[in-house]
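The structure displayed is predicted, hence computed values, not measured ones.
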Amino acid sequence: MTSHVHHVTVDCGDAYTLATFWAEVLGASLADDDFPGDPEALVEAPGAALLFITVPEPKRTKNRIHLDIQPQDRTRDEEVERLLALGAMLVADHRRPNGRGWATLADPEGNEFCVECSARERALLTGTRLPVTADDVTSAVRLAVAALKEAPAAGWHTPAGTLTWTCWETVEHLSDDLFAYAAQLGPQSPSLDRDVPFHWAARREGGPANAIFADPAAGTAGLLQALEATGSMLAAMVRTTAPDVRAHHSHGISDAEGFAAMGIVETLVHTHDLAAGLGIGWTPPDDLCDRVLARLFPDAPDDSDRWTVLLWSTGRADLPGRERVTSWKWHGAPLEENPQP
């Protein structure tokens, strides 16, 4: 076994005040037992938490270690402006006219840190695709659950769009998919030629064969809670699985990113089926559709609305000038290892 970073500890003049600044920077929260005037304050950020400790000595020179931060939902320049408004100071501007480079800022006590380009900006600069991430899984499932919570209570036992399953059964099937993808990544040495041997069975003839079923007594709230839980399982496995791990899928041995993309596609298109059956609206974010198309359907048309293309790729919509898809499968294997011809 080896060690891992538990905290990144920062000496400072006012632990609580500086921790409050960094909580705003990272979109994180302070520990529940931290209050103004405390000698220590903990920012519970993803990855490694930041621990601020009040010390009597002032900062005298440039830090030998600093943080590099990457904006998640905005550009580098937008993030720089946001942080300056929070109280950061611009120390050095290394941004280049071609979009590359970074900005060095300092927090309110003078600790230097750098703001890099976002992942989207890096992809545009290098001509590479954006990866599908654990956060994308979480976002897709949360958006689906939020939409389904608006559905009328009476429609859950009607067919889900063109499917033969009811809306209730379709959510169970989706939950089962998310669970199964997480499970494939779970063993210490995942199988490359078979699924993890859970017992899958249908509760009625023609119904989905699942390992996961929701308790009918818990109602639709319980059904959607099961969906949230299995989505969180997949997100956690994607986040913690090493990039070189491979596991079996019938459409090709895949990696964690591939299983993340599969779970997202299942979530987006089955929520489309559910929306049709329940009479609710559903249009997922264009950029999320684009990322999963690039990973699982690399030959999909790139000149049309991304959500429409995803529906077309899965046999659920027409695309002008192209034949309707009647049989499909995604490209599960990592593109770099098994590129499309």
Side-chain angles (χ1 to χ4, degrees), residues 25-27 45-48 65-84 88 90-105 112-140 185 235 237-246 252-265 268 284-310 313 330-341:
V25 171
L26 301 174
I65 296 176
H66 69 268
L67 301 179
D68 289 342
I69 65 172
Q70 184 181 56
Q72 301 300 298
D73 57 356
R74 55 179 63 88
T75 67
R76 173 200 59 195
D77 294 349
E78 290 170 338
E79 181 69 344
V80 168
E81 293 305 313
R82 183 180 78 91
L83 300 181
L84 292 175
L90 182 63
V91 175
D93 197 336
H94 302 285
R95 291 174 286 185
R96 303 173 191 168
N98 65 2
R100 297 178 183 270
W102 68 96
T104 301
L105 276 61
E112 299 88 358
F113 63 98
C114 294
V115 183
E116 301 180 346
C117 291
S118 68
R120 176 172 292 279
E121 289 173 302
R122 283 183 180 273
L124 292 172
L125 288 167
T126 59
T128 57
R129 67 177 179 85
L130 277 170
V132 182
T133 68
D135 288 340
D136 289 333
V137 175
T138 299
S139 176
L185 296 169
M237 289 306 305
V238 170
R239 196 182 308 281
T240 56
T241 298
D244 61 343
V245 170
R246 301 290 181 265
I253 293 171
S254 197
D255 59 356
E257 186 201 15
F259 283 106
M262 295 177 209
I264 293 167
V265 170
L268 301 187
D286 208 52
D287 59 340
L288 182 58
C289 298
D290 188 58
R291 289 196 290 281
V292 294
L293 280 166
R295 175 59 180 82
L296 295 180
F297 301 93
D299 290 334
D302 59 5
D303 57 354
S304 299
D305 170 75
R306 309 317 288 154
W307 174 223
T308 303
V309 171
L310 182 56
S313 299
W330 49 48
H331 185 84
L335 297 174
E336 299 77 10
E337 297 173 13
N338 188 13
Q340 289 286 83

- Check L26 against A45 and note the closest heavy-atom contact, atom names and distance. CD1-CB, 3.8 Å

- Item | Exercise: identify the closest heavy-atom pair between H331 and L335 | CD2-CD2, 3.2 Å

- Message: Between L268 and W307, is there a side-chain heavy-atom distance shorter than 4.5 Å?
- Response: yes

- side chain to side chain contact (heavy atoms under 4.5 Å, CB included) between D135 and R239, worked out: CA-CA 8 Å; D135 288 340; R239 196 182 308 281; 3.1 Å; yes

- Non-hydrogen atoms of R76 and G101 that approach each other most closely: NH1-O, 3.0 Å

- Query: Where do L185 and A256 come nearest, in terms of heavy atoms and distance?
  - Reply: CD1-CA, 4.0 Å

- Steps toward side chain to side chain contact (heavy atoms under 4.5 Å, CB included) verdict (T104, H66): CA-CA 10 Å; T104 301; H66 69 268; over 6 Å; no

- Note on the structure: When every non-hydrogen atom of N98 is compared with those of L125, the smallest separation belongs to O-CD2, 3.3 Å

- Hey, what do you get for CG (D299) to CG (L293), rounding to the nearest 0.5 Å? 11.5 Å

- Judged by atom type as modelled, is there a donor-acceptor pair below 3.5 Å linking the side chain of R306 to the main-chain atoms of S304? yes

- Message: I'd like to know whether V137 forms a side chain to side chain contact (heavy atoms under 4.5 Å, CB included) with I264, so could you lay out the CA-CA distance, the side-chain angles of the two residues, the decisive distance to 0.1 Å, and finally the verdict.
- Response: CA-CA 6 Å; V137 175; I264 293 167; 4.1 Å; yes

- Ion pair present between E257 and R295, side-chain N to carboxylate O less than 4.0 angstrom? yes

- Note on the structure: Rounding to 0.5 Å, atoms CG (D286) and OG1 (T308) come to a distance of 8.5 Å

- Query: Does some side-chain heavy atom of E116 sit less than 4.5 Å from a side-chain heavy atom of P71?
  - Reply: no

- Item | ring pair (Phe, Tyr, Trp, His ring centres under 6.0 Å) partners for F297, two or more places apart | none

- Task: State, with a plain yes or no, whether a side-chain heavy atom of I69 is found less than 4.5 Å away from one of L83.
- Result: yes

- Heavy-atom pair with the smallest gap, counting every atom of V309 and A300: CG1-CB, 3.8 Å

- Task: Applying side chain to side chain contact (heavy atoms under 4.5 Å, CB included), run through E121 and L124 and close with a yes or a no.
- Result: CA-CA 5 Å; E121 289 173 302; L124 292 172; 5.7 Å; no

- Message: Rounded to the nearest 0.5 Å, what separates atom CD in Q72 from atom OG in S118?
- Response: 8.5 Å

- Among R100, Q70, R95, R122, find the one that has a side-chain contact (heavy atoms from CB on, under 4.5 Å) with C117. R122

- Message: Taking the basic N atoms (NZ, or NE/NH1/NH2) and the acidic carboxylate oxygens, is any pair closer than 4.0 Å for E79 and R82?
- Response: yes

